[in-house]
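Below is one structure; the comments refer to it alone.
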There are 4 protein chains.
Amino acid sequence: MQFNSEKPIYQQLFDLIQLDILEGKWPEGGRVPSVRELAGNLEVNPGTVMRAYEQLQEEAILFNQRGRGLFVADNAKELILKNQQKEMIQKEIPQFVKKMKQLQISLEEFVTVFNRS
Amino acid sequence: MQFNSEKPIYQQLFDLIQLDILEGKWPEGGRVPSVRELAGNLEVNPGTVMRAYEQLQEEAILFNQRGRGLFVADNAKELILKNQQKEMIQKEIPQFVKKMKQLQISLEEFVTVFNRS
Amino acid sequence: MQFNSEKPIYQQLFDLIQLDILEGKWPEGGRVPSVRELAGNLEVNPGTVMRAYEQLQEEAILFNQRGRGLFVADNAKELILKNQQKEMIQKEIPQFVKKMKQLQISLEEFVTVFNRS
Amino acid sequence: MQFNSEKPIYQQLFDLIQLDILEGKWPEGGRVPSVRELAGNLEVNPGTVMRAYEQLQEEAILFNQRGRGLFVADNAKELILKNQQKEMIQKEIPQFVKKMKQLQISLEEFVTVFNRS
DNA sequence: GTGGTCTAGACCACC
DNA sequence: GTGGTCTAGACCACA
């Protein structure tokens, strides 16, 4: 796995796993790969995986069953979607729009790209 | 002057100065505050200002008249606008659109925010 | 290590490292000495080495694996050769030819030196 | 007059004047513009012109007639040509050839550019 | 006065 | 351990 070097790896991991859950690759309620296993697959330091898992637990997307491992929450997809949508709509879109206006980029330009992809 | 800690100061300066030029606070063809002067005003190390100025020279937004100081290029505004528009359209918008689709945010949602602000 | 005083050290380093890569002393894909290590060996300030490394990253000759260090790109040799050839053919040769003509130095003179060495 | 910022202005001036003499714009034996006059025309600091004139005197290309001004030497053209040719053939060409070989640029490539311009 | 280079040393996040 | 940022201060050539 290649990681874009501009962001901390643990954050890229954090994002990636959420995508995997949304896409059903990591099913809700299912057990998550162990830190060592995932770290081995991705050729990444175990501590780095650890850190991503920790943050996912803080957001209640993963939960720990003592001695059995980490599991995906049953409402994980919904949680992820709600959280990120909220962040996007309340913060990122307004900020993005502001920048577009500063640069005099028209709505049409945006729509073109939107429809193209 | 307050600086956001999440981005290097010299980059924030780099962005800020471009905004100032676009807004006409630093007129095209005019002389720019000396490294030491600006550093003093902003309570920042001269080297940090230098770094911002350096990058602006690389983009041909500023140019050096030896021994006299740095000046804003005559076509600075156009340059800045073109550069940033290019960056926005080619990279940021596609990336943003991708994220919107992942989060199932509709175009309408975006348009609403766009028209509101 | 001795440095020529007429050019900035970090630029001399920038050139030197490219030569080392071309000659295979710093193999493609391999790890590069750490900033501190190289600085120690060359008896130079770490910041100076950093600056050279920085520019090599901008040219994609080196890349950063976060927390592990800097590495030589897999296509580094090709990149260096292409870049420098381009610079040479587009800028330096025409300029050199212009000077030769001003000084009325014939092509034969040049060819003689070329074949001799 | 525009000066390329990569070289000190006084050196650019030094080169420029020699070219002018070679091309006959400043005739041998003729009087040279005063420091103030030339500085005014070129929009340059008088001290800068001064410095160029000084170096030209050191090379005996200009000479001073006390109270009357500076004059171009009678053998100025020959002097300039000989000096620069020597420098070119003994130092610059070998160095240039070395770099060409490092970059695997063929003699043909050079000849092409030479004949084109 | 100007920009620019270099040093020595501190501090940071990341791995 | 790694790269990267920032500071404070010195020194330089150029104009």
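Below, read A as the first sequence line, B as the second, and so on, with proteins coming before strands; counting in each chain starts at 1. Owing to the predicted nature of the structure, the values given are computational and were not obtained by experimental measurement.
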Within-4.5 Å side-chain heavy-atom neighbours: D:E59 and D:L79
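Contact flag for D:E59/D:L79 side chains = no.
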If F:dC14 has a Watson-Crick or G-U wobble mate with both distances under 3.5 Å, name it; if not, just say none.
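WC or wobble partner is E:dG1.
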Hey, does B:Q57 reach any base, or is it just sugar-phosphate, or nothing, if we go heavy atoms under 4.0 Å?
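If one applies the 4.0 Å heavy-atom cut-off, B:Q57 turns out to touch the sugar-phosphate alone, with no base involved.
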Report which part of the nucleic acid B:G69 touches: base, sugar-phosphate, or nothing (heavy-atom distance under 4.0 Å, all strands).
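The residue B:G69 makes sugar-phosphate contact but no base contact.
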Salt-bridge contact B:R51-C:E54 (side-chain N to carboxylate O under 4.0 Å)
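A salt bridge is present here (some side-chain N lies under 4.0 Å from a carboxylate O).
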For B:N45 and C:G47, find the nucleotide of DNA chain F closest to each by heavy atoms; which residue's nucleotide sits nearer the 5' end?
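This one resolves to C:G47.
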Of B:Q65 and C:Y53, whose nearest nucleotide on DNA chain F comes first from the 5' end?
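Residue closer to the 5' terminus by nearest nucleotide: C:Y53.
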If you apply the rule side chain to side chain contact (heavy atoms under 4.5 Å, CB included), what do you find for B:F96 with A:I93, and how did you get there?
CA-CA 9 Å; B:F96 197 83; A:I93 293 186; 3.8 Å; yes
Do other residues, nucleotides or ligands put more than 12 heavy atoms under 6.0 Å from the [atom1] atom of [X]?
X: A:Q65; atom1: CD; value: yes
X: C:R31; atom1: CZ; value: yes
X: C:K101; atom1: NZ; value: yes
X: D:Q95; atom1: CD; value: no

Please list, in 5' to 3' order, the outermost nucleotides of DNA chain F lying under 4.0 Å from any heavy atom of chain B.
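For DNA chain F, the relevant span reads F:dT5 to F:dA15.
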Please list, for nucleotides 12-14 of chain E, all pairs of protein and nucleotide N/O atoms separated by less than 3.5 Å.
from   : atom 1 : to    : atom 2 : distance (Å)
E:dC14 : OP2    : A:R51 : NH2    : 3.0

Nearest-nucleotide 5' precedence on DNA chain E, A:V44 against B:R31:
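That would be B:R31.
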Taking atom types as modelled, find out whether C:Q18 and C:Q84 have a side-chain donor-acceptor pair closer than 3.5 angstrom.
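There is such a pair (donor and acceptor under 3.5 Å, judged by atom type) between the side chains of C:Q18 and C:Q84.
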